[in-house]
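Nothing here was measured: the structure is a model prediction, and the numbers come from that model. For ligands, and for the atoms within them, numbers begin at 1 and follow the listed sequence.
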Amino acid sequence: MTETPSPPIEVPPPLAEALRGARRVVASTGAGVSAESGVPTFRDALTGLWARYDPMELGTPEAFARDPALVWSWFAWRRDIVRRAEPNPGHHALARLEDVVPSFTLVTQNVDGLHARAGSRNIVELHGNILRVRCSRCGHVPHAWDEAATAPPPCEVCGALLRPDVVWFGEQLPERAIEDAVLAAQESDVFLTVGTSSVVFPAAILPEIARSSGAVVVEINPIETPLSPSATHVLRYPSGVALPALVDAIRPRA
Ligand code: OAD
C-alpha cells in the first residue's frame, strides 16, 4: 500500500528567520503535545479527561482528604498510560530544537515526563510529575514505593500518606518553577506555545509576558485559543507535524 504524502507545512519565512536569529527560545507545552502519544488531554470535547471525570472529585487536596484511595487509583491509572506511551515527533523536534538554538528552555504543564524521555534537557515542570510521589505532610520524595498499592502507602519518614507529586486545583505551583518560567519568558526572543488551551493560569500568562517583552509569539494548535488573536504567528497543525517542520525550516536535516 502506498501512503498519500501529507501536504507540506508552510512555515512563514519571517518565523523561520526569527528562529534562525534568536538567541533565546522558549517552548511552553500543554497536553496537546502528548496527544499523539496517546496520552489524553484535559479539555478536548470528547476525549479530554475533564469531559469524563470531575476534576473536583479527583484533582484537589479536598478530594484526596475525602477519598485517598480513589484519587490514588485514578493517578495510578494515568501513570500506567504515561509509562506505556512513547514520545512522538513533536517531543523529538523540541529536543532537536534545543540543540540548534543558542539557549532553550522548555516550560511544560505536562506531568508525563515525555519531554525528558525524548531528550529535552532544560525543562521547567510547572505542574509536577506524575511518575513521582511525595509525602502529603513532610514533602519527602521516596525513590521507590509500592506501585501496585490500591491506596496511598505511608511515608517512610513520617507515616503520613504519599500522594502524586503533581499540582492540584487550588494549590500553588512550585515557586522555583514559576520563577524560572517567568524569567525565561521575559528573556525570550521567540516564544512557542504548543498544544495548550491557554486557559489555565499562571501558565497562560507566560506568552503575554513574552510578547510584552518583545518576543515573537508562535501558537501551534489545531484549534483557536484565547491566545490566538495576540500571537505573532499561528500554525494550525498538530504539534507532531508542525514542530518537525519548524525545526527543519531553520536547520534542515542532513
Ligand atoms: P487542555 O486539555 O486544556 O488543552 C489541550 C490543547 O491541545 C487544546 O487546545 C487542543 O486543541 C490542543 N491539541 C490537541 N491535540 C493536539 C495536537 N496533536 N497538537 C497540538 N495541539 C493539540 O490541556 P492543557 O492546556 O495542557 O492541570 O491544560 C492545562 C492544565 O489543565 C493541565 O496541566 C492540567 C489541567 O487541569 C493540572 O493537572 C494542574
Polar atom proximity, N110 to ligand 1 (N or O, under 3.5 Å):
no
Does the side chain of R66 pick up a donor-acceptor pair with the side chain of T60 at under 3.5 Å?
no
Heavy-atom contacts with A35 under 4.0 Å: which atoms of ligand 1 show up? List them by number with element.
15 (N)
Would one find an N or O of F42, backbone or side chain, under 3.5 Å from an N or O of ligand 1?
yes
Within reach of ligand 1, part of W50 (heavy-atom separation under 4.0 Å)
side chain
Is any side-chain N of the basic residue among E208 and R211 closer than 4.0 Å to the acidic one's carboxylate O?
yes
So the atoms of ligand 1 within less than 4.0 Å of a heavy atom of R43 turn out to be 1 (P), 2 (O), 3 (O), 28 (O), 29 (C), 30 (C), 31 (O), 35 (C), 36 (O)
When you compare the side chain of L183 with that of Q186, does any pair of heavy atoms fall below 4.5 Å?
yes
Pairing of E187 and R23 as salt bridge, 4.0 angstrom limit:
no
Taking side chain as C-beta onward, heavy atoms only, is V133 less than 4.5 Å from W72?
yes
Short N/O distance, under 3.5 Å, between H127 and ligand 1?
yes
Counting each atom of ligand 1 from 1 as listed, which ones have a heavy atom of D44 under 4.0 Å away?
10 (C), 11 (O), 14 (C)
Please identify which atoms of ligand 1 are closer than 4.0 Å to at least one heavy atom of P238.
17 (C), 18 (N), 19 (N)
Same apolar cluster (I L V M F W Y, side chains within < 4.5 Å links), V101/V217
no
Nearest protein heavy atom to atom 8 (C) of ligand 1, by residue and atom, and its distance?
N221 ND2, 3.8 Å
Which residue supplies the protein heavy atom nearest to atom 1 (P) of ligand 1, what is that atom called, and how far is it?
S197 OG, 3.6 Å
Contact check: E36 vs ligand 1, nitrogen or oxygen atoms, below 3.5 angstrom:
yes
Of the listed options V199, L235, V194, V167, closest to atom 38 (O) of ligand 1 (non-hydrogen atoms)
V167
Counting heavy atoms not belonging to E224, are there more than 12 under 6.0 Å from its CD?
yes
If two hydrophobic side chains count as joined below 4.5 Å and joins carry through other members, does V182 share a cluster with I205?
yes
With respect to T196, determine whether any N or O atom, backbone or side chain, lies less than 3.5 Å from an N or O atom of ligand 1.
yes
Going by the order shown, which atoms of ligand 1 are within less than 4.0 Å of some heavy atom of I223?
11 (O)
What part of Q109, side chain from CB on, backbone N/CA/C/O, both or neither, has a heavy atom under 4.0 Å from ligand 1?
both
Do any nitrogen or oxygen atoms of T225 lie less than 3.5 angstrom from nitrogen or oxygen atoms of ligand 1?
no
Could you pull out, from S239, G195, G30, the option with a heavy atom nearest to atom 5 (C) of ligand 1?
G195
T225 versus T196: any side-chain heavy-atom pair under 4.5 Å?
no
Counting heavy atoms only, which part of V200 comes closer than 4.0 Å to ligand 1: side chain, backbone, both or neither?
side chain
When you measure from the heavy atoms of G240 to every atom of ligand 1, does any distance fall below 4.0 Å?
no
Report whether V216 and I209 are members of the same hydrophobic cluster (ILVMFWY, side-chain heavy atoms less than 4.5 Å apart, transitive linking).
no
Near A31 (heavy-atom distance under 4.0 Å), the atoms of ligand 1 are 23 (O), 24 (P), 26 (O)
Aromatic ring pairing W74/W50, orientation class (parallel under 30°, perpendicular over 60°, tilted between)
parallel
